[in-house]
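So the structure is just underneath, and the comments pick up after that.
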Amino acid sequence: MFLLIQLVLTVLVFISQEHKAISAYVPPYTSVVAPVNKHTDAAMPLYSVQIMTSYTNMQYNRANFLIDIDAPFIWHDCILQWNIHPGSCPNNTLCTYPVSCEEYQCTDVRTTYSYKNPSCPPVTNSSTLPGWGYCTCPVNVVNPITRLCDQALLNYDDFTMNTCDGRNALNGYYGANPNAACANSSSFGSFPSSVTGVMAFSSSPYSLLAYLYQPLKKSLALCFPSTTSTPGVVFVGSGPYYFLPQSNVDIKSLLSYTPLLKHPDSFGYFIGVNSIVIKQRSIEIPMNAITKLSTIEPYTTLRSDIYNRVIWLFSIYAVGIPRARPVAPFGLCFRTFRQIVLKVPDIDLVMSNGNKWTISTANSMKQVTKDVACLAFIDGGVTTEHAIVIGTLQFEDNFLEFDLENMTFGFSNSLLRRQTSCANFNFTLTNSP
Ligand SMILES: *[C@@H]1O[C@H](CO)[C@@H](O)[C@H](O)[C@H]1NC(C)=O
Ligand SMILES: *[C@@H]1O[C@H](CO)[C@@H](O)[C@H](O)[C@H]1NC(C)=O
Ligand SMILES: *[C@@H]1O[C@H](CO)[C@@H](O)[C@H](O)[C@H]1NC(C)=O
Ligand SMILES: *[C@@H]1O[C@H](CO)[C@@H](O)[C@H](O)[C@H]1NC(C)=O
Ligand SMILES: *[C@@H]1O[C@H](CO)[C@@H](O)[C@H](O)[C@H]1NC(C)=O
């Protein structure tokens, strides 16, 4: 009997140790990381993420993808090849494997996760590839800059990012194999010159986020740079996040949260803003109004009723600053002398739970010429689809976290007030332990 108990105990101890050994494995990374570049050579400022797309001649090739938190799926400049072998892909071209029109993903993307634009022509199955016995899967894409329709072919793609411990990019790689789509090079004519694709960071099951698995948390952190000279950063996964020169401040600890809302017919992200406050005076936002976040729109757009009240209140507190004639698309502009930063009030977006996203001068004023700066909020008209659309100027040097597991949106307010910026992540590769 004693022996039996001893045996059972031994087995139990063994099992529990085994269990401990398994649960004790902690990967050396908490996220994957990639640089974010600002581009000013297109019709509006745009931001791209740099991803490793293929491996040739012993090194990774990189491509810049426009960051789009609305896009249903990823698409970029590539071609389809069904039998890719070394040397078969034309030089300066990215080759990927085709999805056939008979595969499940083809119907799924075309019916449920397509771009919703009634002006796109219906897709047909006619195209094929030399030597491949199936039809390819054409899908419609909508150019986020021109809003025009285009066609692309669904593929099996292969993307790689560096792993990250929150302090440095690590020497380890993380691969993802999304179904993306290949479009013709000519489709990217309106894009910044070094950008050749659209990265879907939306809540769609064909967004890149859907293809990143354990141990990575389904959470996207964006930190857009304010200049073209030094990149900002995107993380997918969980914190911590450290920016130079502060090696002891986890940016995650600076975040305020508000629930992330879903909106029918959109893969994008929405939040509830209850009021806009300037110097303790509050503009109530109608209950049914929803606020959308956009990584494409350059400035925050307000429905006319809200816009007029914001402009009125802002001008009261900016009464001492000489006005300049408005420069389109802005409605309220000021004279600046040698680009000295204007003393204008902060604009607080007060969330449904009371947390405040403070928009400070760097994010509210746009220097349009040497002598003129404008309030970077624009009038969206009387009947806009969304009462408020927060645009990219308001994102710059703010750390933003879209947590799809908890459905929360985290925001840091301007990092400049914390003596750091989105351009301060240390990308120096470090060996993963
Ligand atoms: C493609 O590049 C390789 C290596 O740089 C070169 O040897 C080859 O001639 C190139 N082919 C064409 C068609 O330009
Ligand atoms: C394309 O072909 C597939 C498989 O034969 C079929 O299920 C699908 O309905 C076709 N789609 C179109 C748009 O013709
Ligand atoms: C790509 O676009 C160019 C220019 O519009 C056109 O000549 C070419 O046929 C297109 N290629 C494909 C594969 O559609
Ligand atoms: C997210 O949810 C998990 C589990 O409910 C919780 O442990 C964690 O603290 C939450 N994180 C945030 C940032 O709210
Ligand atoms: C960036 O990280 C590397 C590797 O950990 C470190 O050697 C370097 O000092 C860091 N850069 C700065 C400016 O702290």
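Hydrogens, waters and symmetry mates are skipped; everything else that's a heavy atom, side chains included, is used. As the structure lists them, so they are numbered: ligands from 1, and atoms in each ligand from 1.
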**Asked** Any idea which residues sit under 4.0 Å from ligand 2, heavy-atom distances?
**Response** Cys101, Glu102, Arg110, Val123, Asn125
Using a strict 4.0 Å cut-off to heavy atoms of [X], name the atoms of ligand 5 that fall inside it.
X      : result
Leu244 : 12 (C), 13 (C), 14 (O)
Asn168 : 1 (C), 2 (O), 3 (C), 4 (C), 5 (O)
Asn426 : 1 (C), 2 (O), 3 (C), 8 (C), 10 (C), 11 (N), 12 (C)

**Prompt:** Heavy-atom distance under 4.5 Å between the side chains of Asn162 and Tyr29, does that happen here?
**Reply:** no
**Prompt:** Quick one: are Ile278 and Tyr317 in side-chain contact, heavy atoms under 4.5 Å?
**Reply:** yes
Will you find, in the side chains of [X] and [Y], an N or O donor that is under 3.5 Å from an N or O acceptor?
X      : Y      : result
Thr227 : Ser229 : yes
Tyr299 : Gln394 : no
Asp346 : Thr358 : no

**Pair Tyr211 and Phe159, ring centroids less than 6.0 Å apart** = no
**Aromatic Tyr213 / basic Lys218 pairing, under 6.0 angstrom, 45° off normal** = yes
